[in-house]
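Some notes on the structure that comes next.
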Number of protein chains: 4
Amino acid sequence: MGVTMDGTKQQRRGNTRQRIQDVALELFAEQGYEKTSLREIAERLDVTKAALYYHFKTKEEIIVSLFADLTKPMEELIDWGEQQPHTLATKQEIVRRYSQALVDAAPLFRFMQENQATVRELRIGDSFKDRMRGLRDIFVDPDADLVDQVRCASAIFTLHAGMFLLQDLEGDPEKKRAAVLEVAVDLVTQAHKGGAGT
Amino acid sequence: MGVTMDGTKQQRRGNTRQRIQDVALELFAEQGYEKTSLREIAERLDVTKAALYYHFKTKEEIIVSLFADLTKPMEELIDWGEQQPHTLATKQEIVRRYSQALVDAAPLFRFMQENQATVRELRIGDSFKDRMRGLRDIFVDPDADLVDQVRCASAIFTLHAGMFLLQDLEGDPEKKRAAVLEVAVDLVTQAHKGGAGT
Amino acid sequence: MGVTMDGTKQQRRGNTRQRIQDVALELFAEQGYEKTSLREIAERLDVTKAALYYHFKTKEEIIVSLFADLTKPMEELIDWGEQQPHTLATKQEIVRRYSQALVDAAPLFRFMQENQATVRELRIGDSFKDRMRGLRDIFVDPDADLVDQVRCASAIFTLHAGMFLLQDLEGDPEKKRAAVLEVAVDLVTQAHKGGAGT
Amino acid sequence: MGVTMDGTKQQRRGNTRQRIQDVALELFAEQGYEKTSLREIAERLDVTKAALYYHFKTKEEIIVSLFADLTKPMEELIDWGEQQPHTLATKQEIVRRYSQALVDAAPLFRFMQENQATVRELRIGDSFKDRMRGLRDIFVDPDADLVDQVRCASAIFTLHAGMFLLQDLEGDPEKKRAAVLEVAVDLVTQAHKGGAGT
DNA sequence: GATGAATGAGATTTCATTCAT
DNA sequence: GATGAATGAAATCTCATTCAT
């Protein structure tokens, strides 16, 4: 369609790229990457498939671009964290900020969480692993007790999982987020108290 | 002609059915369900695609059968748990046994963890949700502090995530499993001590 | 369609592969390889595109298989020639036999002649080059006069070109072939007489 | 705005048109016409596809224009030849001059030689055939012996083929060209001596 | 218990072309 | 003289599935 007859869809000019990203992420998160066809994305946007290829060279490039755009704040946070001393205070601060960054990029992370097999095959898999390794190196002290190492790893994981861990649970989302954050901070703090957990 | 009529003794002879399941699970876990084609499975087994259709009516039936077969122990555990009083001791026992059941069915859970988007679309999604809900209802006391609720949920989650959470970490797998178990038991125990967590 | 209603097209069973090759070669020769789509081939055979892919893994495999099948006699001739002494008599004999082999595989060679750019990109390009090099090494004596070397190369070339060189010329095809053969034999013979040609 | 109205001075300024032709011919010769996309041409020139359409109405027009520009000397040669008496001397002279014209337009002819299937479908096919017919009518005497007719045709063909016939052969290109020319002149001369070749 | 042959639907991708700016 | 955005058509290829044997 898209015939200029009524002027209803002319105001989107120059933002097609953005709109593709938005719709794509929505569908990828909902149905998975493989199950989402470019036809579907194009139809929702009322453009042709070829239009998608004008903006992105391949299907993979769409998800890669989403990843790059949405994880920039985290990348910056990790870069920052690497330059700070790895004290408990730093870690707590990172947990807090990371929690917020996760919320901001929630749909992307929901997608990644739920499509790990796919992510692994795509190029973003490696970028993500690098990022996670950076985070782990800040949090996990390799000389610490193994249980405490797990605590720290679990803290990060709880944050990641938190978003959708609580979907079934009733209650105010903001409160749930706060609860998740508290558990994560707790885990990090306990780990720092020195393995007294056992 | 050895056609199964009652379902009790598939393994009897002509173990092709079993071999299909094995290879399928391996590939599904590795590459994802959508990315794994029946052609690939057939080729690995050195049979034709049509042979798969002799044993399973559809592709989905393969994964459904795997799920049914491999989660039976958990189903039984949850059934058992539902009939026990929901005391701390019961929960700790379930955590321990569940941890073992997870290890036994690790590849399936790795698959499910990494292909949630796919799982959701398939029939096993619902069966799994039912199972998880059963588990949650045993663990999570809806009247407890929200933070403690998160602790309990996080305990189960830590178990599930544990398997691959620690893949990067060096160390004896048995010890790592023990560490994961300890963190999970800890979380459940803390939750029971009454929200004073920190 | 192919619906079994009348029984008119059931007698082709087991020869689909051959029929694909036949139609493909016809169309490749007529329109070129790139311009011939699998849709076109399938439609002519009244099967689906997917049926082609049952018999050949890729479009390229169709042409590769044609090449392999149709040039086998030549390959054998060259193998034979390599084991003979490279005398004038041998060369004349090869020219004669090669001429016949070319006639037998005429459509393929017409295709190759007219689609060299394509052939170069495909795997058959190299096989063909190897074959031609074998032939040249039999015919062309590297120590001979350059003009005589060209004569020998031109002999082979005249054979190859002969088929369609004379399409415009009127006259009995058999006679034309004989004339081409004579010119080729002539060139080879002159070359052997020792460059006195001019 | 410098738009060509008469066609005489394309090279004047804003030489994009020329550059398009150059790159296009290079790619057409290398990969074939069908395999060469306008995107590829545009990318090499660092302009957009749309820019090509400013200079040429269609893809075909690019090759048509190349043909027209590069074969003009031959056209003139043939026109000249038609007005001369068809003596041996004339023919030898034409062979010599034609040989030079071929060298000047080598890439185009390499392209045409190697993409005959494509050329046949395009408009240039007919123009070329007309030109070749003109040449043949000068060279081939329809009343002569068939073998001599083939000799004359083969002479022209040897010239055409010569360019790439000798690519594999080592040696000074200039010498190779001379050798090709000698064989061609030879063939024409023999034909005129009256079938004595046999 | 399995194969050989085929299908229908649909996927990703590419291309020549257009047109307003 | 050229670009940015888009399109319609088509291409190659893959997949789950069917069915007669």
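Protein chains get the first letters and strands the later ones, always in sequence-line order, with residue 1 at the start of each. Please read all numbers here as calculations on a predicted model, not as lab measurements.
Look at E:dA2: its Watson-Crick or wobble partner, with both distances under 3.5 angstrom, is F:dT21.
For the pair B:Thr71 and B:Phe109, the minimum side-chain heavy-atom distance is below 4.5 Å. Using a 4.5 Å heavy-atom cutoff, the side chains of A:Leu122 and A:Val64 are not in contact.
C:Phe28 places its CZ atom 12 Å from the C1' atom of F:dT12, with the value rounded to the nearest Å. Atom CG in D:Leu38 sits roughly 19 Å away from atom P in F:dA9 (whole-Å rounding). Taking atom CD1 of residue C:Ile41 and atom P of nucleotide F:dA10, one finds them 17 Å apart after rounding to whole Å. Between the CD atom of A:Glu43 and the C1' atom of E:dA11 there is a distance of 13 Å, rounded to whole Å. Counting to the nearest Å, the P atom of E:dA5 and the CG atom of C:Asp46 are 18 Å from each other. In this entry the distance linking CZ of B:Arg17 with C1' of E:dG1 reads 14 Å, nearest Å. Whole-Å rounding puts the D:Phe56 CZ to F:dG1 P distance at 13 Å. Residue B:Lys57 contributes atom NZ, which lies 18 Å from atom P of F:dA16 at whole-angstrom precision.
Of the side-chain N and O atoms in D:Thr16, none sit less than 4.0 angstrom from OP1 or OP2 of F:dG1. For A:Tyr54 and F:dA5, the shortest distance from a side-chain N or O to OP1 or OP2 is below 4.0 Å. Between C:Ser37 and the phosphate of F:dA11, there is a side-chain N or O to OP1/OP2 separation shorter than 4.0 Å. The shortest distance between the side-chain N/O atoms of C:Thr48 and the OP1/OP2 oxygens of E:dG8 is not below 4.0 Å. OP1 or OP2 of F:dG4 has not a single side-chain nitrogen or oxygen of A:His55 nearer than 4.0 Å.
Annotation: the span from D:Ile62 atom CD1 to D:Gln21 atom CD amounts to 8.5 Å, rounded to 0.5 Å.
When each of E:dC15, F:dA6, F:dT12 is scored by its nearest atom to the side-chain atoms of A:Ala50, the top-ranked nucleotide is E:dC15. With distances taken from any side-chain atom of C:Arg39 to the nucleotides F:dA10, E:dA11, E:dA6, the minimum falls on F:dA10. Comparing E:dA6, F:dC13, F:dG4 by their closest approach to the side chain of C:Lys59 singles out F:dC13. Checked against F:dT12, E:dT12, E:dT18, the side chain of D:Tyr53 finds its nearest nucleotide in E:dT18.
Although no hydrogens or angles enter the test, the distance criterion places a donor-acceptor pair under 3.5 Å between the side chain of C:Glu60 and the main chain of C:Arg123.
Aromatic ring pairs are classed by plane angle as parallel below 30°, tilted from 30° to 60° and perpendicular above 60°; the pair A:Phe111 and A:Phe28 is tilted.
Of the residues near DNA chain E, B:Leu52 and A:Glu60, the one whose nearest nucleotide (by heavy atom distance) lies more toward the 5' end is B:Leu52. Mapping B:Lys35 and C:Tyr33 onto DNA chain F by nearest heavy atom places C:Tyr33 at the nucleotide closer to the 5' end. Both C:Thr36 and A:Ala51 lie close to DNA chain F; mapped to their nearest nucleotides by heavy-atom distance, the more 5′-ward contact belongs to A:Ala51.
The pair B:Glu40-B:Arg44 fails the salt-bridge criterion, with no side-chain N (NZ, NE, NH1 or NH2) lying under 4.0 Å from an Asp/Glu carboxylate O.
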